[in-house]
Amino acid sequence: MFLHLNFILCELLHKLADVIYPPQCIGCRSAVANVSTLCGHCWTSLKFIERPYCERMGTPFSVDLGGLLLSPAAIADPPVFDRARSVLIYDGLGRALVHRFKYGDRHDLALAMARMMTQAGRELIEDADIIIPVPLHWTRLLSRRFNQAALLASTLSTITGKPYNPDVLKRKKRTRPQYGLTRPERQTNLQGALAVDKTLYYKIEGKRILLIDDVMTTSSTANAAARALVKAKASHVDVLTFARVVDYV
Ligand SMILES: [Zn+2]
């Protein structure tokens, strides 16, 4: 993978900090060898999403159906995006890490989460021309003070050297949280919410976009974002998230 100079510098600073503050597991605070890592116990408790999964939606198959590449959902109702991948199932420690990162001011978790995303999203990252975060509405940005998707996306860009652009895709209206809404309600909620300004289409046209978010709850937000990027003539839109809600768990 293409290491960036900033990333090397960042690693050096972390090594220096290790001498002053001995590293702790980001899950349980027990002693570990390196900062921004998990101890063996926490690592094995995470529910990683690995093949076999739907090659389109990235959702794990509950049983190995041998050679089946697409889930029935991807065939019946194909998403707007090309491929989606997530590191782990949004559950247990994986869920706790997202909460600490998002609501607990643990911005330091971005490095560990983004590193894991480079593994789960290896194929998508290799193909990507630009990394773009799912945007927050500015009013939500004011109340939360940071966009967790943007922090993950910029960290991923630093690790991989792939260009990062947080300014092209905008959230035009404040939407209600998607979870708990019916499918038609989700679609109405997101109608026209995400868009690329026409004057910025040239930054997207013909490009392979890698869209980043912390959690994929339903695929509605990813589809709405992909629709806006395809309208701006993106050639491909892939989606990479740290966690994913999986219904059968
Ligand atoms: Zn631990």
Side-chain angles (χ1 to χ4, degrees), residues 1-4 6-53 58-62 64 84-125 131 133-134 144-160 177 179 210 212-217 239-249:
M1 193 84 62
F2 359 77
L3 279 174
H4 198 259
N6 283 344
F7 180 62
I8 294 168
L9 190 65
C10 182
E11 293 280 289
L12 280 174
L13 286 172
H14 272 115
K15 291 229 170 354
L16 188 66
D18 287 355
V19 180
I20 308 164
Y21 306 105
Q24 295 177 329
C25 166
I26 59 169
C28 68
R29 296 183 181 272
S30 65
V32 284
N34 298 300
V35 282
S36 298
T37 55
L38 287 152
C39 70
H41 180 262
C42 286
W43 183 266
T44 52
S45 79
L46 294 173
K47 295 177 180 171
F48 291 104
I49 299 177
E50 289 163 338
R51 285 191 169 94
Y53 50 58
T59 42
F61 293 128
S62 48
D64 189 349
R85 299 287 183 267
S86 306
V87 175
L88 46 76
I89 292 172
Y90 186 61
D91 192 34
L93 178 60
R95 184 190 189 119
L97 288 174
V98 170
H99 276 248
R100 283 175 215 167
F101 172 57
K102 205 165 171 173
Y103 307 113
D105 276 336
R106 290 289 308 275
H107 299 186
D108 58 302
L109 296 179
L111 180 61
M113 293 164 79
R115 275 185 188 145
M116 286 192 250
M117 289 166 79
T118 62
Q119 298 301 314
R122 183 184 297 274
E123 296 159 338
L124 280 56
I125 293 165
I131 296 177
V134 170
R144 201 182 288 164
R145 300 198 305 276
F146 86 113
N147 175 359
Q148 73 283 354
L151 185 52
L152 286 177
S154 63
T155 308
L156 210 52
S157 164
T158 307
I159 296 172
T160 62
Y179 202 58
L210 181 59
I212 302 295
D213 210 351
D214 56 343
V215 183
M216 190 187 284
T217 308
V239 185
L240 178 59
T241 69
F242 177 71
R244 175 163 200 144
V245 173
V246 175
D247 287 337
Y248 66 75
V249 175

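In each ligand, atom 1 is the first atom listed, and ligand 1 is the first ligand listed.
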- [ ] Please examine the side chains of Asn34 and Pro23, heavy atoms only from C-beta on, and report whether any two atoms are closer than 4.5 Å.
- [x] no

Open item on the list: I'd like to check Val87 versus Met113 (side-chain heavy atoms, cut-off strictly below 4.5 Å). Are they in contact?
Closed with: no

Open item on the list: Checking Arg100 now: which residues fulfil side chain to side chain contact (heavy atoms under 4.5 Å, CB included) with it, not counting sequence neighbours?
Closed with: Leu93, Ala96, Leu97, Arg106, Leu109

Open item on the list: Applying salt bridge (Lys or Arg N to Asp or Glu O under 4.0 Å), can you list everything that pairs with Arg29, at least two apart in sequence or on another chain?
Closed with: none

Open item on the list: Give me each pair satisfying ring-ring contact (aromatic ring centres under 6.0 Å, His included) with a member in residues 25-45, each pair once, sequence neighbours excluded.
Closed with: Trp43-Phe48

Open item on the list: Tell me the closest heavy-atom pair linking Gly58 and Arg244, and the distance in Å.
Closed with: C-NH1, 4.3 Å

Open item on the list: Could you enumerate the protein N, O or S atoms under 2.8 Å from the Zn ion (ligand 1), written like residue then atom name?
Closed with: Cys25 SG, Cys28 SG, Cys39 SG, Cys42 SG

